[in-house]
Amino acid sequence: MAHVKMQTARSTLTDPVAVAEDLLRQLHGPPPKLVTLFAARQLDQRALNRAVRERLPKDTRLVGATTAGELDNNGIHENSAVLGALSGDFEVGLGLGSGLAGDAIAAGAMAIKRACEELGVRQQDLDARRYVGLVIDDGFRYKKEELLLGILEKNQTLVLVGGGASDSETDPARQSALIHVDGEVAGDGVLVALFKTNAPWAALRSHWYVPTGERLTITKVDETHTRALEIDGKPAARRYADILGVENIADLEFGRPGGFASRPTALKVGREYFIRAAWRPLEDGSILFANLLEEGSELDLMKAGDLAGMTRDFFQEELPRRVQNPQAALLFHCSGRMWYAGATGTVPKLSEAMKLAPSAVGMNVHFEIYSGFHINTTLTVLAFGSN
């Protein structure tokens, strides 16, 4: 029988040494092979890393990131640190690629290369049934699509799941994110944790939208391919406002209840819809998207469902259906979901839904990664079980 299990711990202390001792004091199982550490940005990350690393067994690997909120089975939290201690039948290789802002493709390629070298396997030989990659990037570099090209360059079948290290700071000029890889803490980089296991596992994703059957066409983009200048041949923001029945273009802003979050766009891939929502209307009448855009591309219009209810159904029904006897879940929860939940008063119900997950830790992230796609407004999950 193969299995992967996880113990979890959370601390609201602020002194790094006290946090580390508090977290590790809560663990009582076998020595973990891998520890995940998701911690509020305002904590001293390097001191916290050092304190946790010193208290772990020498052979235990450590990964982590700064967050915009921390998750466990007790809900969604702020100003804390959560730790997941994974043990069982798996091997893990870690790789950190740096220089994300300068050459994201090279950073992604370096991260997967190093992770593969630790496991003694060539990238092109990765068996997608036994290997899965966890990816955490510096979310504020906005380089997910490029780094994914680097990670998947030599093996497009590898399944990836994860999200961007983040910060609860709302001022873009002051936001920053850091990633933990064993004893190193760095920004402007990307981490790949490559798992090899015979235990049941799955990469999953959950959003709260349903298709409407309507579509729009991105007819003109700017040179960065991140701003839609025209939609359906008309000024982008005005066209989207007309679709939503919004008079004031400023009300399209993602965090507002009647804006982009209520009727986002999605890329249809087979029978699935990957949310790639518009983000912000700009003063020149264009719309900023979080992902790259291509002129002539068609996107499906979605409509909001029951955020908390669909999250409950995901944990109660879909996850157990996809993973035999689920024992552990790493959660990457879009900060956009939190904005919408806050704007609609559903944070308590959404937080309550986390109790239905298997043993879980996670974080509010700055955009998500799922199956090689950069998506948003989604909960992405890497879950393990036993057979």
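All values below come from the heavy atoms of this structure, side chains included, with hydrogens, waters and symmetry mates left out.
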Heavy atoms from other residues, nucleotides or ligands near CD of Gln124 exceed 12 (cutoff 6.0 Å):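 It does: Gln124 CD has more than 12 such atoms within range.
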Gln156, CD: over 12 other non-hydrogen atoms inside 6.0 angstrom: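 Atom CD in Gln156 is packed in, count exceeds 12.
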Using 0.5 Å steps for rounding, measure from the [atom1] atom of [X] to the [atom2] atom of [Y].
X      : Y      : atom1 : atom2 : answer
Asp232 : Ile243 : CG    : CD1   : 6.0 Å
Ile287 : Arg238 : CD1   : CZ    : 10.5 Å
Ser11  : Glu70  : OG    : CD    : 10.5 Å
Thr12  : Asp22  : OG1   : CG    : 7.0 Å
Asp89  : Glu91  : CG    : CD    : 10.5 Å

Is [X] salt-bridged to [Y], cutoff N-O under 4.0 Å?
X      : Y      : result
Asp127 : Arg129 : yes
Lys268 : Asp300 : no
Glu317 : Arg321 : no
Arg312 : Glu352 : no
Arg114 : Glu118 : no
Asp137 : Arg141 : no
Arg227 : Asp284 : yes

[Y] versus [X], side-chain donor and acceptor atoms under 3.5 Å:
X      : Y      : value
Thr346 : Thr344 : yes
His3   : Asn387 : no
Asp125 : Gln123 : no
Arg41  : Ser176 : yes
Asp167 : Thr66  : no
Asn198 : Arg130 : yes
Asn49  : His180 : yes
Thr311 : Arg337 : yes
His207 : Tyr273 : no
Glu368 : Thr380 : no

Side-chain donor/acceptor of [X] to backbone N/O of [Y], under 3.5 Å:
X      : Y      : result
Thr8   : Gly84  : no
Lys33  : Gly88  : yes
Glu295 : Lys220 : no
Arg46  : Val185 : yes
Gln42  : Thr14  : no
Thr67  : Ser166 : no
Thr217 : Thr219 : no

Verify the cluster assignment for [X] and [Y]: are they in a single hydrophobic cluster under the rule of side-chain heavy atoms below 4.5 Å apart?
X      : Y      : value
Phe332 : Leu37  : no
Ile112 : Val135 : yes
Val190 : Ile105 : no
Phe314 : Met338 : yes
Val63  : Trp201 : yes

Can the ring centroids of [X] and [Y] be said to lie less than 6.0 angstrom from one another?
X      : Y      : result
Trp208 : Tyr340 : yes
Phe373 : Phe274 : yes
Phe195 : Phe384 : yes

Worked verdict on Leu62 versus Val52 for side-chain contact (heavy atoms from CB on, under 4.5 Å): CA-CA 9 Å; Leu62 173 64; Val52 172; 4.3 Å; yes
From CA spacing to verdict: side-chain contact (heavy atoms from CB on, under 4.5 Å), Val82, Leu71: CA-CA 7 Å; Val82 295; Leu71 283 67; over 6 Å; no
Stepwise side chain to side chain donor-acceptor pair (under 3.5 Å) check, Asn325 with Ser386: CA-CA 6 Å; Asn325 191 22; Ser386 65; 2.5 Å; yes
Test item: Leu330 and Val381 side chains (from C-beta on) under 4.5 Å apart, heavy atoms: no
Lys303 to Tyr209 six-membered ring, cation-pi geometry met (6.0 Å, 45°): no
Pairing residues for Ser371 by the side chain to side chain donor-acceptor pair (under 3.5 Å) criterion, not counting sequence neighbours: none
Single hit among Phe367, Trp339, Tyr240 for ring pair (Phe, Tyr, Trp, His ring centres under 6.0 Å) with Trp279: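 Exactly one pass, corresponding to Phe367.
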Residue pairs passing the ring-ring contact (aromatic ring centres under 6.0 Å, His included) test where at least one lies in residues 16-49, sequence neighbours excluded: none
